[in-house]
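Okay, structure first, notes after.
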2 protein chains.
Amino acid sequence: MSNNSRNVPKATLQRYPVYLKALRQLKKQGLERILSDELSKHVQIKSTTIRRDLSFLGTLGKQGYGYSIEKLIDVFNEKLGTEFDEKIILIGAGNLGSALMHYNRWQYVVGEIACAFDVDPEKLVARYDVPVYPMSELEERIPKGCRIAILTASSDVQATVDRLAKCGIVGIVDFTHEHIRVPEGVKIKQVDVVSAIQELVFETNEMNI
Amino acid sequence: MSNNSRNVPKATLQRYPVYLKALRQLKKQGLERILSDELSKHVQIKSTTIRRDLSFLGTLGKQGYGYSIEKLIDVFNEKLGTEFDEKIILIGAGNLGSALMHYNRWQYVVGEIACAFDVDPEKLVARYDVPVYPMSELEERIPKGCRIAILTASSDVQATVDRLAKCGIVGIVDFTHEHIRVPEGVKIKQVDVVSAIQELVFETNEMNI
DNA sequence: CATATATTGTGAATTATTCAACAGATTTAG
DNA sequence: CTAAATCTGTTGAATAATTCACAATATATG
């Protein structure tokens, strides 16, 4: 009965990772089912919003019963591609890059970091089983079909982005503190402490405006 | 005095860091003024939206001329508190924490990391001039008036958050991969690779739903 | 098996955000 | 100095997102 591809609101898409994270935690705690009202308390999003968000993925809940946590997680995996066999590349193998290669080993599946690149010859050592190649070999070493890159290097950022786009990258997770313009068709997600802190400050200082 | 405060939309607040970042880059390039249409091309946000967003901060532009970049940056600093003398604390002094302490030295002013805390006795060495104290000394070592914490440690996350809230922290930048419930009055910003990648995947796979 | 109870899924109402259009301020050119 | 050109700030219309309210449907119970 579920509406085939109504277009999912952007705002909803941004909440899915929040649900997924909470659901995995609940599963780990041994829970098997959950009500939208309970989940609401966990993620601090209104239960109506949750139900509507989930309804885009199908008819997943049961009236009078709630949602099966296992089933929800499965649906996220299937429908939204979390189980995809995607190879992710990492640009920059410094402190931050190393931390990411380390996470790669124990975190929830989101694909895996296939390899890293760095301009510094001293950094070209595999860490946590992730090989690190010279930046100059990007075009030849990049895995076939690779779509997503994580950017932690901070030199020549704009040039690197353009180069990645040419290699077929369509999604970039950006850890740099630079302002970047992305080519048409490429999506970028900022993961930036400075911006995050600024947002916090802006919100907590708003009354002063 | 702040009663003329129209309330700034949440969406606008989230764009301010983007503008600020772009403006700083433009200033560095030697530019002195900019039109909303030009800025629009840089940040990839419609010029009308930009003008509206900026109008919440006052009458900053001049018809027929545009905006002074310097002035805009100043206003962000003054009105939104970027110049504040805030002390930020860091929880966790591992790879990621080290990267942040390093950034602390050369990045745009957003306050500074005053000190770090870690449970691991081996990590209690100052890095890049940031002292690292044992986690057990949080309550005594936390700087007076400290409001913002960066969370990179991944053990006992929820307990740590509750403890931070008791110490007066109202804003948390969260780098962990855990799902966290924050107490009333505390804001949290996720800075999470996994979620960022998921969002990218969700957006690029949306047609499959 | 029938009835009471609980909870989802969703139209309709509300609220928030974006965007187009334009009046009016400001600069620039002559 | 005056007129033409430019570009902001804002009004109001369009679009998007949230929330309400309740019918539909399941479970639980006696």
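As a basis for the values below, the full set of heavy atoms in this structure was taken, side chains included, without hydrogen atoms, waters or symmetry mates.
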Can you see whether A/Tyr67 has A/Arg33 sitting over its ring - NZ or CZ less than 6.0 Å from the centre and within 45° of the normal?
no

Spacing of B/Ile34 atom CD1 relative to D/dC7 atom P, expressed in whole Å:
12 Å

Going by atom types only, do A/Tyr19 and A/Asp53 share a side-chain donor-acceptor pair under 3.5 Å?
yes

Starting from P on D/dT8, measure out to CZ on B/Phe56 and report it in whole angstrom.
17 Å

Residues forming a salt bridge (charged side-chain N to carboxylate O under 4.0 Å, His left out) with B/Glu184, sequence neighbours excluded:
none

Whole angstrom value for the distance that separates P of C/dT7 from CG of A/Leu72
16 Å

Can you label the angle between the A/His42 ring and the B/His179 ring as parallel, tilted or perpendicular, going by 30° and 60°?
tilted

Could you state the CG-P distance from B/Leu35 to D/dA5, rounded to the nearest angstrom?
18 Å

Write down the distance between CD1 (B/Ile45) and P (C/dC19), rounded to a whole number of angstrom.
10 Å

Whole angstrom is fine here: how far is it from CD1 in B/Ile50 over to C1' in C/dC19?
13 Å

Do A/Ser98 and B/Asn95 get their side chains close enough for a donor-acceptor pair, meaning under 3.5 Å?
no

Within-4.5 Å side-chain heavy-atom neighbours: B/Ile180 and B/Asp174:
yes

In whole angstroms, the gap separating C1' of C/dG9 from CG of A/Asp37 amounts to 14 Å

Between the side chains of B/Gln190 and A/Lys21, does any donor sit under 3.5 Å from an acceptor?
yes

Using the 3.5 Å cut-off, write out each protein N or O paired with an N or O of nucleotides 27-30 of chain C and the distance between them.
none

Contact class for B/Thr59 vs. all strands (heavy atom < 4.0 Å): base, sugar-phosphate, or nothing?
sugar-phosphate

Spell out protein contact along nucleotides 11-21 of chain D as letters: B when the base is contacted, S when just the sugar-phosphate is, - when no protein heavy atom is under 4.0 Å; keep the 5' to 3' order.
BB----SBBBB

What distance do B/Leu138 atom CG and B/Ile89 atom CD1 have between them, rounded to the nearest 0.5 Å?
5.5 Å

Counting the atoms with a prime plus P, OP1 and OP2 as sugar-phosphate, which does B/Leu60 contact under 4.0 Å by heavy atoms, base, sugar-phosphate, or nothing?
sugar-phosphate

Name the one of B/Gln14, B/Lys10, B/Lys187 that satisfies side chain to side chain donor-acceptor pair (under 3.5 Å) with A/Glu203?
B/Lys187

